[in-house]
Each structure stands twice: as structure tokens, then as C-alpha cells.
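Some notes on the structure that comes next.
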Amino acid sequence: MKIAILGAGAMGSLFGARLAEAGQAVTLLDIDDAHLGAIRSHGLRLQTAAPDRWVTNLAVSRPEQAGAQPDLIIVFTKSMHTRAALTSLRHAIGPGTYLLTLQNGLGNVEKLREFVPLERILAGVTTWPADLVGPGHVRSHGEGAIRMMSADGTVRPIVGQVVDALANAGLRCIADPDVWAAIWEKVAFNAALNTLCAVLGCTVDQLDLTPDGRRLALSIALEVVSVARARGIDANPASVEASVIHAIENHRGHQPSMLQDILAGRRTEIESIGGAVVAEARAAGVAVPDTACLLHLVRLAEARAVTGA
Ligand code: NAD
């Protein structure tokens with residue numbers, strides 16, 4: 001397959017490199033010229049559990065300069081940059097081009113729908129971890145998986161082709177008819193841990209310094225699950241609760257991405273996580289007081305960070 005990765009930061013670089021190593025024709029599209037330049041000069045340095053290596057069979061380009069129409073575009077910008085990124089790539093989206101989003105949060109499919117019909121959108125969730133160490137250098141420690149499906153739930157040949165491409169690249173991927181439950185469960189996890197750590201400036205394990213941290217994290221996670229269930233999505237409260245507790249007890253020293261963004265003075269994904277949950281809760285008539293409170297606090301923290309106030 002001819003695959004373009006739109007947004008080749010931590011996750012886009014990891015996925016692009018693994019797919020290219022497996023023999024797919026991959027182009028990384030990004031607006032970070034230092035990152036693109038480093039890959040153009042030396043290839044992408046990939047650090048995983050396997051020995052470090054340089055992946056050199058990656059094409060790179062800014063989106064507005066992208067050429068041939070890809071079979072698949074994997075969108076891996078942060079959610080607040082999806083629209084701008086796809087707008088600059090609109091010329092390269094052909095009538096046979098499919099779009100896949102594995103981004104965190106809610107509302108990603110709706111953004112992609114502004115560019116292609118629903119039947120050409122695939123959506124899912126991934127637990128693979130990745131960090132961009134510097135220009136041309138990505139690190140991924142730990143194992144993960146991908147669950148995905150066509151956005152309208154119809155099992156088309158493209159679903160199997162993309163699952164096979166990702167699985168053959170070692171990225172453990174399954175087609176999952178219950179993908180929306182998985183997406184909401186990850187939103188619940190992120191709404192709890194990302195927002196609390198972003199506001200408090202603490203690592204995930206530090207939420208356990210008093211019983212209040214764990215209690216608040218679980219309250220937010222379960223509020224989000226209750227919204228999902230009110231919307232007819234079968235998110236599992238017990239498994240969300242277990243993954244929040246597991247993270248608090250085991251993710252020592254981990255700064256969630258929302259905290260990293262605040263510390264770097266960047267915008268966060270709060271609107272597609274807390275913001276989207278509160279909007280869905282309102283529509284479903286479900287009360288989410290803790291999630292709403294954290295949404296307002298993160299917005300404030302983000303405004304301070306971005307303006308340098
Ligand atoms: P990142 O910030 O490392 O990468 C995003 C990339 O998008 C950057 O390189 C940025 O330059 C690029 N970009 C921004 N605007 C652009 C534009 N207009 N055109 C093209 N490129 C543009 O983010 P990430 O950590 O790779 O996360 C990407 C998505 O995956 C997010 O939704 C995140 O929540 C999700 N996710 C991340 C992880 C992780 O471990 N990093 C795990 C699972 C899911």
C-alpha cells in the first residue's frame with residue numbers, strides 16, 4: 001500500500017517507521033522542518049526493545065507539497081491540528097484514498113468527514129506508546145495494540161488490508177466491532193489521568209500521595225463511562241477502573257502528554273477529551289461535575305501556558 005502519515009511526531013514516526021520496515025511505501029508528512037530535515041539526511045532513528053536502528057526507506061514532505069494520492073492516510077496530528085493538516089493535504093486526497101484515525105479523544109471521525117465520505121474512514125484506538133526524543137529520533141518502550149473498524153461499522157476489504165499491514169509491521173492490530181467502547185474507555189482513562197496531572201503538575205503515580213487523588217481519578221473515569229453508556233456505548237466500568245488503578249500504581253515518573261504540552265507552553269487535546277465528554281454529557285442529560293471542573297481548570301492552565309502569563 002501507498003501510505004501517508006499525516007503528523008509524523010511520536011506516534012506517526014513510530015507507525016511510519018514500522019510500516020516502512022515491513023516493506024510498505026510510506027511518506028511522512030509534517031510541518032516540523034527540523035524533524036523532516038533530519039530524516040531526509042540520516043533516516044529516522046528508532047529506539048524500541050529491539051536494537052536501535054535507522055530507518056532509511058521513508059519519504060518525507062510537508063503536506064502542501066505531497067505528491068501522489070495515497071491509498072491510506074493515517075492521521076496522527078494532535079486532534080486540534082487535524083483540520084489544518086487535512087486542509088493542506090486536500091489536493092492529495094483521491095477518490096480511492098481511505099483515512100484512518102487512531103488519535104485519542106472524541107470527534108476525530110467527524111473532523112475527517114469534512115474531507116471524505118464516512119465509508120472511507122477507519123477509526124480505532126492504540127495503546128502503543130511513543131516519545132519524540134528530538135528531530136529524527138523516536139523512542140517506544142513497552143508493548144501495545146490497535147483495535148480498529150470502519151467508522152460506519154461495515155466490514156469492507158480495506159479493514160482487513162489495513163489490519164494486515166499494521167499486524168505485519170509488528171503493531172498487533174485487530175478488527176473490532178466494539179471499537180467505540182474501546183475509544184470511550186481510553187477517553188475515560190485520559191480524562192482522569194491527563195487532566196489531573198496537567199492541572200497539578202504531577203506524575204501519574206503522585207496521584208496516590210493522598211487517597212483524594214485516586215478517588216478523584218476514579219470519579220472522573222466513571223463519570224465518562226456513564227456518559228458512554230447513556231449514549232448506548234457498552235464501555236466497561238470495571239476495566240476502566242482497573243486500568244486507572246494500574247496506571248497510578250505502576251506508571252512511576254510518567255508525565256501524561258497533556259502535562260508535557262502545558263509545560264512546553266503548547267495547546268492540549270483537552271477539547272476532544274474533557275470538552276467533548278462534557279458536551280456529550282449535556283446532550284445525554286448526565287451530570288459530570290468532576291469532569292466539568294477539570295475541563296475548566298485545564299482550560300485555565302492551558303491559557304496561562306500558551307500566553308506565558
Ligand atoms: P506529537 O505532538 O508527537 O505529533 C504530532 C505531530 O503533528 C507533530 O510532529 C506536529 O509537527 C505535527 N503537526 C501539527 N500540525 C500539523 C499540520 N498542520 N500538518 C502536518 N503535521 C502537523 O503527538 P503524538 O504523541 O504523536 O500524538 C498523536 C496522536 O496520537 C494524539 O491524538 C495522541 O493523543 C495520540 N496517542 C499518542 C500516544 C503516545 O504515546 N504518544 C499513544 C496513543 C495515542
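Owing to the predicted nature of the structure, the values given are computational and were not obtained by experimental measurement. Order of listing sets the numbers, starting from 1, for every ligand and every atom in it.
Looking only at heavy atoms of the protein, atom 8 (C) of ligand 1 is closest to D30 OD2, 3.5 Å. Looking from atom 23 (O) of ligand 1 to the surrounding protein, the closest heavy atom is K78 CE, 3.4 Å. Nearest protein neighbour of atom 15 (N) of ligand 1, counting heavy atoms only, is I31 CD1, 3.5 Å. For atom 29 (C) of ligand 1, the closest non-hydrogen atom of the protein is T77 O, 3.7 Å. Nearest protein heavy-atom neighbour of atom 3 (O) of ligand 1: A10 N, 2.9 Å. Of the protein's non-hydrogen atoms, G9 CA, 3.2 Å is the one closest to atom 4 (O) of ligand 1. The protein atom (non-hydrogen) at minimum distance from atom 5 (C) of ligand 1 is F76 O, 3.6 Å. When only non-hydrogen protein atoms are considered, atom 42 (C) of ligand 1 lies nearest to W128 O, 3.3 Å.
Proximity of S88 to ligand 1 is not established, as no heavy-atom distance is less than 4.0 Å. Heavy-atom separations between K186 and ligand 1 include at least one value shorter than 4.0 Å. Using a 4.0 Å cutoff on heavy atoms, T126 counts as a contact of ligand 1. In this structure, P63 has a heavy atom closer than 4.0 Å to ligand 1.
Smallest separation of non-hydrogen atoms from C197 and L207: SG-CD1, 4.0 Å. Contact between C173 and V163 at its shortest, heavy atoms only, is O-CG1, 3.4 Å. Of all heavy-atom pairs spanning A175 and M149, the tightest one is CB-CE, 3.9 Å.
N194 and N190 are linked by a side-chain donor-acceptor pair at a separation below 3.5 angstrom, with hydrogens and angles left out of the test. Of the N and O atoms on the side chains of S13 and H35, at least one donor lies less than 3.5 Å from an acceptor on the other residue. Side-chain contact of E223 with S226: a donor-acceptor pair under 3.5 Å is absent, judged by distance alone. No hydrogens or angles considered: nothing links the side chains of Q103 and S79 as a donor-acceptor pair under 3.5 Å. Between the side chains of T48 and R53, at least one donor N or O lies within less than 3.5 Å of an accepting N or O.
Taking CD1 of I74 as the start and CE of M148 as the end, the distance is 9.0 Å to the nearest 0.5 Å.
For ligand 1, the atoms sitting less than 4.0 Å from at least one non-hydrogen atom of Q103 are 32 (O), numbered in the order shown with element in parentheses. Near A130, meaning under 4.0 Å from any of its heavy atoms, are these atoms of ligand 1: 39 (C), 40 (O), 41 (N). Close contacts between ligand 1 and P129 involve ligand atoms 40 (O) [criterion: under 4.0 Å to a heavy atom].
The backbone N or O of D212 sits less than 3.5 Å from a side-chain atom of T210, completing a donor-acceptor pair. Side-chain atoms of Q206 come within 3.5 Å of backbone N or O of T203 as a donor-acceptor pair.
Where the criterion is an N or O separation shorter than 3.5 Å, residue side chain and backbone included, N104 meets it with respect to ligand 1. Distances between N or O atoms of M11 and those of ligand 1 include at least one value under 3.5 Å. No N or O atom of L132 sits closer than 3.5 Å to an N or O atom of ligand 1. At under 3.5 Å, a nitrogen or oxygen of E269, whether backbone or side chain, sits near a nitrogen or oxygen of ligand 1.
With respect to the salt-bridge test (charged N to carboxylate O, under 4.0 angstrom), the residues E249 and R214 qualify.
Residue R156 qualifies as enclosed at atom CZ: its count of foreign heavy atoms under 6.0 Å is above 12.
The residue among S79, G7, A85 with a heavy atom at the shortest distance from atom 19 (N) of ligand 1 is A85.
By the criterion of a heavy-atom distance under 4.0 Å, neither the backbone nor the side chain of H35 is placed next to ligand 1.
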